[in-house]
Amino acid sequence: MLRVFGATREGVNRIMSELKKDKIIAYDNNKIVIHDLQYLKNYLKCGDCPVEICTI
């Protein structure tokens, strides 16, 4: 689960809408589908943690 601290609901919705518009993510049956994981990792300034502990 992605945790966002200090963000308003409107701010999160805006970012999610931008990611959807750019086809980085999509929604399918109330789930978020990631189409470009590397872009999302760069966007979040994510490290290269093992998949077992990744929080994306």
Side-chain angles (χ1 to χ4, degrees):
M1 175 187 298
L2 175 63
R3 295 175 181 93
V4 179
F5 296 96
T8 63
R9 181 185 313 224
E10 294 82 8
V12 172
N13 287 341
R14 181 182 51 79
I15 291 169
M16 296 295 283
S17 293
E18 289 176 15
L19 292 172
K20 184 179 176 195
K21 180 186 76 168
D22 293 339
K23 297 186 178 12
I24 306 301
I25 65 167
Y27 299 106
D28 184 28
N29 294 325
N30 293 324
K31 294 181 182 176
I32 298 171
V33 179
I34 300 171
H35 292 293
D36 190 344
L37 183 58
Q38 191 57 50
Y39 178 91
L40 194 58
K41 283 183 171 186
N42 293 340
Y43 185 86
L44 297 171
K45 297 178 177 71
C46 183
D48 286 323
C49 59
V51 69
E52 295 84 19
I53 63 171
C54 181
T55 58
I56 290 183

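Hydrogens, waters and symmetry mates play no part in the numbers below; they use all other heavy atoms, side chains included.
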**Item:** From CD1 (Ile24) to CG (Leu37), nearest 0.5 Å
**Value:** 10.5 Å

**Request:** Go through Met16 and Tyr27 one step at a time and tell me if the side chain to side chain contact (heavy atoms under 4.5 Å, CB included) criterion holds.
**Result:** CA-CA 10 Å; Met16 296 295 283; Tyr27 299 106; 3.5 Å; yes

**Message:** Just verifying a value: how many Å separate Ile34 CD1 and Leu19 CG, rounded to the nearest 0.5 Å?
**Reply:** 9.5 Å

**Prompt:** If every non-hydrogen atom of His35 is compared with every non-hydrogen atom of Lys23, which pair is closest and at what distance?
**Reply:** CB-O, 3.6 Å

**Item:** NZ/NE/NH1/NH2 to OD/OE distance under 4.0 Å, Glu18 and Arg14
**Value:** yes

